[in-house]
2 protein chains.
Amino acid sequence: MTTAMQLTNVLKTLADPTRRAVFERIIREGEIAATGLVQGSKVSQPAVSQHLRALRDAGLVAERREGRHIHYRVAPKGLSPLIDWLGHYETFWAERFANLERLLKESE
Amino acid sequence: MTTAMQLTNVLKTLADPTRRAVFERIIREGEIAATGLVQGSKVSQPAVSQHLRALRDAGLVAERREGRHIHYRVAPKGLSPLIDWLGHYETFWAERFANLERLLKESE
DNA sequence: CAGTCGTATAAGCAATTGCTTATATATTCG
DNA sequence: CGAATATATAAGCAATTGCTTATACGACTG
């Protein structure tokens, strides 16, 4: 079960374009250290670090320490609050997401 | 095609709990006037009006004037940026939403 | 050990947000 | 017309946000 607060957190976290870009980069790379994320980012290292903290707090990414580096990867269940919410209202979207909730349940 | 800005708008708009509650209420009621939304809301009439403006600007609701009342309803395509984005990254979610993109295309 | 690399935290600041009260704009009714 | 109803806008304000620079922490290296 996901709470409204978790959903709010996920939405807020993804709503910032810079932070979402970091998240998308992590998705594409599979696993990447903070250093790699700073390179090619428009903002400073502390800014990236703060975004990573926000992403972790929202449950969207997980980390794995390896020496001095911390490798970030997507947390599979991080988007659940969002998917759950969409699924919960699926019947209102004119059958658009007819199978979404079923797919969600199968994946648990 | 949806832009990153549209996605940002949708996410930001839904990220506020009060505004999201207004949106969910519109979903449940099907169609409801602003007055109805103010009743049972924790915030003032102007606050609700501002939330409705934000929802409309984000493309999430549409309005229909009827005399003095303005009835709000969900805009079917409003969530497209969000769904598109989820669908775009579906292959990274470990097959979790394997059919999402297909479902999306069918509904156009 | 001291130095350096990778990352996080602190402090400060401008911009944005969400609310309020007060007022304006429609629209209908008598 | 004038009063009442439904909604929107204006102005102001406290809280939050996202960034910066500066500094601290942690782990490796020589």
Side-chain angles (χ1 to χ4, degrees), chain A residues 4-26 29-75, chain B residues 4-26 29-75:
Chain A
M5 224 192 63
Q6 288 176 310
L7 174 58
T8 297
N9 253 337
V10 169
L11 288 169
K12 269 190 181 169
T13 303
L14 295 174
D16 180 72
T18 308
R19 186 163 45 233
R20 196 171 64 244
V22 170
F23 182 60
E24 291 176 350
R25 183 107 182 274
I26 295 174
E29 304 281 351
E31 202 176 52
I32 182 173
T35 315
L37 290 167
V38 172
Q39 309 221 151
S41 170
K42 292 290 183 190
V43 296
S44 66
Q45 176 268 319
V48 172
S49 182
Q50 285 157 21
H51 284 313
L52 288 170
R53 184 152 131 83
L55 287 167
R56 175 165 42 76
D57 288 354
L60 288 166
V61 303
E63 45 186 66
R64 176 178 65 84
R65 176 140 227 159
E66 194 176 281
R68 300 189 268 211
H69 297 73
I70 299 185
H71 299 269
Y72 287 89
R73 64 183 183 282
V74 169
Chain B
M5 224 192 62
Q6 288 176 309
L7 174 58
T8 298
N9 254 337
V10 169
L11 288 169
K12 268 189 182 172
T13 303
L14 294 175
D16 180 72
T18 308
R19 185 163 47 235
R20 196 170 64 243
V22 170
F23 182 60
E24 291 176 351
R25 183 107 182 272
I26 294 174
E29 304 281 351
E31 203 177 50
I32 181 172
T35 315
L37 289 167
V38 171
Q39 311 223 146
S41 169
K42 292 289 183 190
V43 296
S44 66
Q45 177 268 320
V48 172
S49 182
Q50 287 156 20
H51 284 312
L52 288 170
R53 183 151 131 82
L55 288 167
R56 174 164 42 75
D57 288 353
L60 288 166
V61 302
E63 44 185 68
R64 175 179 65 86
R65 174 140 228 158
E66 195 177 279
R68 300 188 269 211
H69 297 73
I70 299 185
H71 299 269
Y72 288 88
R73 64 183 183 283
V74 170

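Computed from a predicted model, the values in this text were never measured in an experiment. Heavy-atom basis, side chains included; hydrogens, waters and symmetry copies ignored. We name chains A, B, ... by the order of the sequence lines, and we start the count at 1 in each one.
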Rounded to the nearest Å, what distance is computed from the CZ atom of residue A:Arg68 to the C1' atom of nucleotide C:dG3? 10 Å
Rounded to whole angstroms, how far apart are CG on B:Asn9 and P on C:dT16? 14 Å
In whole angstrom, what separates A:Gln50's CD from D:dG18's P? 10 Å
Counting heavy atoms not belonging to A:Arg64, are there more than 12 under 6.0 Å from its CZ? yes
Protein-nucleotide distance (B:Leu52, atom CG; D:dA6, atom P), rounded to Å: 15 Å
Is any N or O donor-acceptor pair between the side chain of B:Gln45 and the base of D:dA8 shorter than 3.5 Å? yes
May I ask you to test the B:Arg20-A:Thr8 pair for a side-chain heavy-atom distance under 4.5 Å? yes
Respond yes when some side-chain nitrogen or oxygen of A:Thr18 is under 4.0 Å from OP1 or OP2 of D:dG18, and no when none is. no
To the nearest angstrom, the CZ-P distance between A:Arg53 and D:dT17 comes to 12 Å
Please tell me if A:Arg19 has a side-chain N or O lying less than 4.0 Å from either OP1 or OP2 of D:dG18. yes
State, with a plain yes or no, whether a side-chain heavy atom of B:Arg56 is found less than 4.5 Å away from one of B:Leu52. no
Taking the side chain as every heavy atom from C-beta outward, state whether B:Ser49 and B:Arg53 have any pair of such atoms under 4.5 Å apart. no
Which heavy atom of A:Thr13 sits nearest to which heavy atom of A:Ala58, and what is that distance? OG1-CB, 3.4 Å
Separation of D:dG18 C1' from A:Leu14 CG (nearest whole Å): 16 Å
A:His51 NE2 to D:dC19 C1': how many Å, rounded? 8 Å
A:Val43 or A:Gly67, whichever maps to the more 5' nucleotide of DNA chain D: A:Val43
OP1 or OP2 of D:dT20 under 4.0 Å from side-chain N/O of A:Ser44: yes
Of A:Glu66 and A:Ala15, whose closest DNA chain D nucleotide lies nearer the 5' terminus? A:Ala15
Could you tell me the separation between the CG atom of B:Asp16 and the P atom of D:dT17, rounded to a whole number of Å? 11 Å
Looking across every strand, which nucleic acid part, if any, lies under 4.0 Å from A:Ala34 by heavy atom: base, sugar-phosphate, or nothing? sugar-phosphate
